[in-house]
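Read through the structure below, which is laid out as structure tokens, and then see the notes.
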Amino acid sequence: MAFAESQNPLRVHRIPQSRYIDAVRWLSPVSPSDRFAAIAYFDADTNSPSIEIAYVDPNPQSSSPTLTPQSSWTSPSRISSLKTAHSTPQPLLAAATFSGSLHILASDLINGGVMESEATVSELGFHSGPVSAVDLREGGTECVSVGEDGRVNLVSFVGDSSKLSYRRIFDSNGLVGYTAVKWASPSEFATGGYGFGIQWWDQRTPGGPVLQFKGNWCQGKTSGIVHSIDIHPSRKHTCLMAAGLSSFSYSSYPIFNAGGSSGTVFAWDRRAAQQPIVLSGAGTGEAPNSLLSESEVWEVQYDRYTRRSNISNISSTRILPVMICSEDGILAVIEQGEEPLELLAEPCAINSFDIDQQNPSNVICSLEWESLAILTRS
């Protein structure tokens, strides 16, 4: 498909690594000039998973930035999901594993990025098998976890507590599997799973989801998995979700953007029941709708950089710009009614990315071929 050309200069720096990268996240800076990233590694030669805090030096005297490791934490199992909470004095990390455990880590960026394990949930029964996805509530007091086992858990903790407590929100006993989750408010969150299904949960109404979006709008022509979720901080009177091939995103609209298999990125307006807004990929008609990627979309986030100065003028019914990464190596920005803006086209998968919340012009992403890419939009 055709891609729009960027009107702004784009600098891309690739930094080779010696290990596979499962996830990467920016951390909240302690000063405007300091940038840190949390990177989940897996060393296939030694079967060793770990998370490292790295200082990202923009290195204005050179042509490319550098990564300087600050601290490392060894995980008992490979990392399946990594999330951060930005509104805490010290950045908190929630790391879920393929063995079914959850770990809360704290990083002291003032004192060299020292990372410590604050608390762990690893007992039998928390999840049966891998934890598919986790999300930390802003403020760092609660975490929600989901798995393909059909369990939805709410984990509570206090900053310096050495033990987490959790309660089961729901258990489908394996009849429904969940692959993505995102907080929407202190009491509400959304989950995604197989068949493009999306569920809306409210802790004030226990017993199950209060609203569901059934993934039968593709008329049986395609099926897929919702892989990730993001929340936009503005327009709290509404709820916007983005989900793609492997991605799921939530904003403050009653609208959901979702990404699923076969390159599909769609939005769901909760006020419009079962009618999706397809941004890319398979639609409700015979022909695909502006196919951006022909493979899995692994992550989608709202792009706070695009039209940042005009964001307040965008209609509440219009889908805000979203960034996606895919299995076929595409990193791009999608705007409703516009041609996608391609940022990267790699010969390998782009497995994860993160947009710097303090400076949205900076993007960091992990490449399948054991390297990181840092993009700067000016």
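For clarity, every value in this text was computed on a predicted model and none was experimentally measured.
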**Study point:** Non-neighbouring partners of Glu148 that pass salt bridge (Lys or Arg N to Asp or Glu O under 4.0 Å), sequence neighbours left out
**Key:**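 None.
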Practice item. Would you please name every residue forming a salt bridge (Lys or Arg N to Asp or Glu O under 4.0 Å) with Asp149, sequence neighbours left out? Key: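 With sequence neighbours excluded, Asp149 shows a salt bridge (Lys or Arg N to Asp or Glu O under 4.0 Å) to Arg151, given in chain and number order.
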Point to revise | Where at least one partner belongs to residues 68-80, residue pairs that pass salt bridge (charged side-chain N to carboxylate O under 4.0 Å, His left out), sequence neighbours excluded | key: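 Sorted result for residues 68-80: Asp22-Arg78.
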Point to revise | Residue pairs, two or more places apart or on separate chains, that pass salt bridge (charged side-chain N to carboxylate O under 4.0 Å, His left out) and touch residues 343-372 | key: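 Output for this query lists Arg14-Glu346, Arg35-Asp356.
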Flag for [Y]-[X]: side-chain donor and acceptor within less than 3.5 Å:
X	Y	value
Glu188	Trp200	yes
Ser99	Thr97	yes
Glu327	Trp298	yes

Point to revise | Trp201 ring center near Phe170 ring center (under 6.0 Å) | key: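 Yes, ring centres under 6.0 Å apart.
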Practice item. State which residues pass side-chain contact (heavy atoms from CB on, under 4.5 Å) with Thr74; sequence neighbours excluded, sorted by chain then number. Key: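 Partners of Thr74 under the side-chain contact (heavy atoms from CB on, under 4.5 Å) test: none.
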Check your understanding: Can you list the residues that meet the side-chain contact (heavy atoms from CB on, under 4.5 Å) rule with Ser72, with sequence neighbours excluded?
Key ->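 side-chain contact (heavy atoms from CB on, under 4.5 Å) list for Ser72, sorted by chain: Ser50, Glu52.
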Check your understanding: Stepwise, does the side-chain contact (heavy atoms from CB on, under 4.5 Å) test hold for Val363 with Ile374?
Key -> CA-CA 6 Å; Val363 182; Ile374 297 178; over 6 Å; no
For [X] versus [Y], what's the shortest heavy-atom pair and its separation?
X	Y	answer
Asp171	Arg168	OD2-NH1, 3.6 Å
Ser28	Pro91	O-CG, 4.0 Å
His103	Ser101	NE2-OG, 2.8 Å

Check your understanding: Can you pull the ring-ring contact (aromatic ring centres under 6.0 Å, His included) pairs that have at least one residue in residues 109-129, sequence neighbours excluded?
Key ->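 Listed once each, the pairs are Phe126-Tyr166.
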Exercise for review: Name all pairs fulfilling the ring-ring contact (aromatic ring centres under 6.0 Å, His included) condition that reach into residues 345-378, sequence neighbours left out, sorted by first residue then second.
Suggested key: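 Residue pairs with at least one partner in residues 345-378: there are none.
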**Study point:** Greater than 12 external heavy atoms within 6.0 Å of Glu116's CD
**Key:**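 No, because the 6.0 Å sphere around CD of Glu116 holds 12 heavy atoms or fewer from other groups.
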Exercise for review: Examine distances only and state if a side-chain atom of Ser326 and a backbone atom of Glu296 form a donor-acceptor pair shorter than 3.5 Å.
Suggested key: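 No, the answer is negative, given that no donor and acceptor are paired below the 3.5 Å cut-off.
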Review point. Taking the side chain from Thr120 and the backbone from Ser122, do they hold a donor-acceptor pair closer than 3.5 Å?
Key: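 Judged by distance alone, no pair lies under 3.5 Å.
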Point to revise | Contacts of Tyr20 that satisfy ring-ring contact (aromatic ring centres under 6.0 Å, His included) - sequence neighbours left out | key: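 Partners of Tyr20 under the ring-ring contact (aromatic ring centres under 6.0 Å, His included) test: none.
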**Study point:** Separation of Ile330 CD1 from Ile324 CD1 (nearest 0.5 Å)
**Key:**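 Taking CD1 in Ile324 and CD1 in Ile330, the distance rounds to 7.5 Å.
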Point to revise | Sequence-distant partners of Ser80, side-chain hydrogen bond (donor to acceptor under 3.5 Å, both in side chains), two or more places apart | key: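 Ser80: no side-chain hydrogen bond (donor to acceptor under 3.5 Å, both in side chains) contacts found.
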**Study point:** Salt bridge Glu299-Arg25, side-chain N to carboxylate O under 4.0 Å
**Key:**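 Judged by the 4.0 Å cut-off on N to carboxylate O distance, Glu299 and Arg25 do form a salt bridge.
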**Study point:** Side-chain hydrophobic cluster, 4.5 Å single linkage: members besides Phe98
**Key:**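 Besides Phe98, the hydrophobic cluster comprises nothing; the residue is isolated.
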Side-chain donor/acceptor pairs under 3.5 Å, residues 37-45, sequence neighbours excluded:
residue	atom	partner	partner atom	Å
Tyr41	OH	Gln17	OE1	2.5
Asp43	OD1	Asp45	N	3.0
Asp43	OD1	Thr46	N	3.4

